[in-house]
Amino acid sequence: MRLGFAAKVTGRPGLKEADGRRWQNNPHLSVSLTYLEAIFDYLRDEHITMYRISSRIAPYITHPQLPQFHHQIEECAEQLARLGERARAQNLRLSMHPDPFVVLNSPHEAVYAAALRDLDYHARFLDALGAGPEAVVVLHGGGVFGDKAAAMARFVDRYLRLPEHARRRIVLENDEKSYSVPDIVAIHQQTGVPLVLDNLHHAVNNPDHLTIAQAADLCLPTWPQGVTPKVHFSSPRREDRVVRRRDKSSGKTLLAEVAPLASQHADWVDVDEFVAFLGETGRWRYDVMLEAKQKDSALLRLRGELAARGIVTE
DNA sequence: CGATGTCAAGGAATC
DNA sequence: GATTCCTTGACATCG
């Protein structure tokens, strides 16, 4: 079992995940890839073997008004191939997760078109690394648009019509609001798309009251032979947190303490909850993407706590 | 330099 | 129909 984390590194100062400058300053994938190389060094040093690459790694690559950014993958082909080689050399499983406004089943043609551009980009990025089939693009079901059956049918139809290189990469994750485990199972049955089980989303969006074991029994066998399935794991935030929010009378941004929503990720992973999850899903083999706010620091802490209990991860 | 405003992008809930 | 929230932190700019 591999443990992974997403995008941002907290455990070593100075590591960035993407060239985040505004378009006026000509950010570029080639800069992001120098950052990614430094992250790979860190992952190697810490023996971390799974990592989600930020979708912002290629700035503005699908922006319709900024064509000068559209060929960054081609422009960085050699650099990408070298990094892919490195990832394989250090046994690193990679993935990506498009932002929530990539909505494949939107009834708005322009949104659909943008989703197609984005999925093409994510797939081509992983292809340019030469990544194997374990490197997936994790997608959500999208919107409901007042008619869930129609929205799901639209997802199925559009998924089946995706270009092959994109369809090959995509896996579908249950979300915290619209598409529960039984929903994505129904989509799987019509498409064959592999399913990612997210424990926290399942906890807050579980209309059929399935146990986590039942949910795992539905999701994990959807992966093809030879590709280790993946799950997302996080603990729910329980403490209030400080956020910046706009005050509507003054129009100013202020700090405020707000209570957590049930669906929000905690800073760290609760080892007891994690061990319980392992116990309930013990008949399956899978890798775990941790979605804790403290990212790699949470991973390293959890790994230590697991080792103290005699549970060793890859 | 610290504080605050801004950023490409969607959807849903609320009024 | 317009506004706000979800949520993301880093960048950019202002005082």
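Protein chains get the first letters and strands the later ones, always in sequence-line order, with residue 1 at the start of each.
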inquiry  = Can you tell me how far apart NZ (A:K8) and NZ (A:K293) are? Round to the nearest 0.5 Å.
reply    = 10.0 Å
key: Same-atom distance (C1') from C:dA10 to B:dG11, integer angstrom   = 25 Å
task = Between A:K295 and A:K177, name the one whose nearest nucleotide on DNA chain C is closer to the 5' end.
result = A:K177
request  = Calculate the interatomic distance between A:R237 atom CZ and C:dT7 atom C1'; express it in whole Å.
outcome  = 12 Å
task = Applying ring-ring contact (aromatic ring centres under 6.0 Å, His included) between A:F233 and each of A:F277, A:W268, A:Y286, report the one that passes.
result = A:F277
key: Residues A:D287 and A:T228: side-chain donor-acceptor under 3.5 angstrom   = no
ask   = Expressed in angstrom and rounded to an integer, what is the separation of A:Y35 atom OH from C:dG9 atom P?
value = 18 Å
task = Could you tell me the separation between the CD atom of A:E17 and the P atom of C:dA10, rounded to a whole number of Å?
result = 6 Å
A:H265 NE2 to C:dT7 C1', straight-line distance once rounded to whole Å = 10 Å
query = What's the closest nucleotide to the A:K8 side chain, out of B:dA8, B:dG11, C:dG9?
reply = C:dG9
query = Within the structure shown, what part of the strands sits under 4.0 Å from A:N25 by heavy-atom distance: base, sugar-phosphate, or nothing?
reply = sugar-phosphate
Backbone of A:A123 reached by a side-chain donor or acceptor of A:R168 within 3.5 Å = no
inquiry  = Between A:N105 and B:dG11, is there a contact of a side-chain N or O with OP1 or OP2 at under 4.0 Å?
reply    = no
task = Ignoring backbone atoms, establish whether A:K16 has a side-chain N or O less than 4.0 Å from OP1 or OP2 of C:dC11.
result = yes
query = Atom CZ of A:R154 to atom P of B:dG11: distance rounded to whole Å?
reply = 10 Å
query = Quick one: A:L66 CG to B:dA8 C1', roughly how many Å, whole number?
reply = 8 Å
query = Closest to the A:R21 side chain: B:dG10, C:dG9, C:dA12?
reply = C:dA12
query = Of the nucleotides B:dA8, B:dG11, B:dA12, which has the atom closest to the A:V144 side chain?
reply = B:dA12
query = Pairs counted as Watson-Crick or G-U wobble with both distances under 3.5 Å: what dot-bracket string results for DNA chain C, using | for bases tied to another strand?
reply = ||||||..|||||||
query = Side-chain heavy atoms under 4.5 angstrom apart, residues restricted to Ile, Leu, Val, Met, Phe, Trp, Tyr: same cluster for A:Y159 and A:Y179?
reply = yes
inquiry  = If you compare every side-chain N and O of A:S106 against the phosphate oxygens of B:dG11 (OP1, OP2), does one of them come in below 4.0 Å?
reply    = yes
ask   = Do A:L29 and A:Y60 share a hydrophobic cluster, counting only Ile, Leu, Val, Met, Phe, Trp and Tyr and linking them when any side-chain heavy atoms are less than 4.5 Å apart?
value = no
request  = Using a heavy-atom cut-off of under 4.0 Å over every strand shown, decide if A:R56 touches base, sugar-phosphate, or nothing.
outcome  = base
ask   = C:dT4 and B:dT6: how far apart are their P atoms, nearest whole angstrom?
value = 14 Å
remark   = Whole-Å distance, A:H97 NE2 to C:dT8 P, equals 11 Å
message = Keeping A:D19 on the side-chain end and A:S32 on the backbone end, is there a donor-acceptor pair under 3.5 Å?
response = no
ask   = Does a donor on one side chain sit under 3.5 Å from an acceptor on the other, for A:N199 and A:E273?
value = no
request  = Report the distance from atom CD of A:E109 to atom C1' of B:dG10, rounded to the nearest whole Å.
outcome  = 16 Å
key: Nearest listed nucleotide, side chain of A:W23, among B:dA8, B:dG11, B:dA9   = B:dA8
key: A:K293 side chain near C:dT8 phosphate (N/O to OP1/OP2, under 4.0 Å)   = yes
inquiry  = For a quick check of understanding: with a heavy-atom distance under 4.0 Å over all strands, which category does A:F145 fall into, base, sugar-phosphate or nothing?
reply    = sugar-phosphate
inquiry  = Once you apply a heavy-atom cut-off of 4.0 Å, does A:V102 come out as touching a base, just sugar-phosphate, or nothing?
reply    = nothing
task = Establish, from distance only, whether the side-chain atoms of A:N205 and A:H201 form a donor-acceptor pair under 3.5 Å.
result = no
request  = Answer with yes or no whether A:R22 presents, from its side chain, a donor or acceptor under 3.5 Å of a partner atom in the base of C:dC11.
outcome  = yes
